[in-house]
Amino acid sequence: MTISKDKTKELINEFGKNSEDSGSTESQISIFSERIKNLTEHLKVNKKDKSAQRGLMLLVSKRSRLLKYLKKTRLEDYKKVVEKIGLRK
């Protein structure tokens, strides 16, 4: 349900300012999105895993708050991140 270190580094390289920029809003949003995908796949198989459901809801709300912050402060970066990840249609 977690993502590998290699996948995390790949996401940081793609969305961060440099290869060590794991704290930027864009990097965190991309990492949360990957974890949400993994948890969603897990919950399709294990429907009664309540702790995973709770974790998924927490991740979705964290990502939502980060997206709201990014939209309020840097609209162009928000549009790029949403387009790259494919969140909204």
Side-chain angles (χ1 to χ4, degrees):
M1 288 185 285
T2 61
I3 57 177
S4 66
K5 289 185 180 185
D6 296 332
K7 183 64 175 175
T8 304
K9 286 183 181 180
E10 180 183 316
L11 290 170
I12 291 170
N13 284 334
E14 184 178 348
F15 288 94
K17 311 259 187 289
N18 56 37
S19 63
E20 301 296 318
D21 187 22
S22 62
S24 71
T25 308
E26 296 91 344
S27 298
Q28 289 183 18
I29 290 170
S30 66
I31 292 169
F32 287 157
S33 295
E34 186 65 29
R35 288 179 61 195
I36 288 169
K37 283 183 210 172
N38 290 346
L39 270 175
T40 304
E41 292 301 316
H42 170 77
L43 285 171
K44 285 179 182 176
V45 176
N46 305 297
K47 296 182 187 312
K48 294 187 178 184
D49 190 353
K50 300 300 179 187
S51 62
Q53 286 178 357
R54 183 175 188 275
L56 177 64
M57 295 309 296
L58 291 173
L59 280 175
V60 169
S61 65
K62 280 184 186 179
R63 184 180 70 178
S64 174
R65 285 190 305 250
L66 285 172
L67 283 168
K68 189 185 300 185
Y69 165 77
L70 191 61
K71 186 176 183 179
K72 184 171 61 175
T73 57
R74 298 175 300 188
L75 187 59
E76 290 302 317
D77 292 339
Y78 168 80
K79 289 178 182 177
K80 288 178 189 174
V81 168
V82 167
E83 181 67 32
K84 273 188 182 179
I85 295 175
L87 292 177
R88 296 186 172 61
K89 297 177 181 176

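- Tested against T40, the residues K44, K37, H42 include a single side chain to side chain contact (heavy atoms under 4.5 Å, CB included) partner, K44.
- Residues S30 and V81 fail the side-chain proximity criterion, which asks for heavy atoms closer than 4.5 Å.
- Between N13 atom CG and T8 atom OG1 the span is 11.0 Å, to the nearest 0.5 Å.
- Under the 4.5 Å side-chain heavy-atom criterion for grouping Ile, Leu, Val, Met, Phe, Trp and Tyr, Y69 is not connected to F32 through any hydrophobic cluster.
- One distance of note links OG of S33 with CG of L67; it measures 7.0 Å at 0.5 Å rounding.
- L43 and V45 sit in two unconnected hydrophobic clusters of ILVMFWY residues. Membership requires side-chain heavy atoms under 4.5 Å apart, directly or through other members.
- The NZ atom of K7 lies 9.0 Å from the CG atom of N38; values are rounded to the nearest 0.5 Å.
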Got a list of side-chain donor-acceptor pairs under 3.5 Å for residues 50-62, not counting sequence neighbours?
residue, atom, partner, partner atom, Å
S51, OG, D49, OD1, 3.1
Q53, NE2, K47, O, 3.1
S61, OG, M57, O, 3.3
S61, OG, L58, O, 2.9

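- Taking the charged nitrogens against the carboxylate oxygens, K80 and E83 have no contact shorter than 4.0 Å, which rules out a salt bridge.
- Contact annotation: the side chain of I31 approaches that of I12 to within less than 4.5 Å [non-hydrogen atoms, C-beta and beyond].
- Panel note: side chain Q28, backbone G23; a donor-acceptor pair is recorded below 3.5 Å.
- Under the rule for a side-chain contact (heavy atoms from CB on, under 4.5 Å), the partners of K84 that lie at least two apart in sequence or sit in another chain are E14, F15.
- With sequence neighbours excluded, no residue satisfies salt bridge (Lys or Arg N to Asp or Glu O under 4.0 Å) with D21.
- Counting heavy atoms from C-beta outward, T73 and T25 have side chains that stay 4.5 Å or more apart.
- In this structure, K17 places its NZ atom where more than 12 heavy-atom neighbours from other residues, nucleotides or ligands lie under 6.0 Å away.
- Here I3 contributes atom CD1 and E10 contributes atom CD; the two are 9.5 Å apart, rounded to the nearest 0.5 Å.
- Across all their heavy atoms, S22 and S27 have their closest contact at O-CB, 4.0 Å.
- Both I36 and L87 are members of a single hydrophobic cluster when ILVMFWY side chains are connected at heavy-atom separations under 4.5 Å.
- Scanning both residues, S24 and G16, for their nearest heavy atoms gives OG-CA, 4.1 Å.
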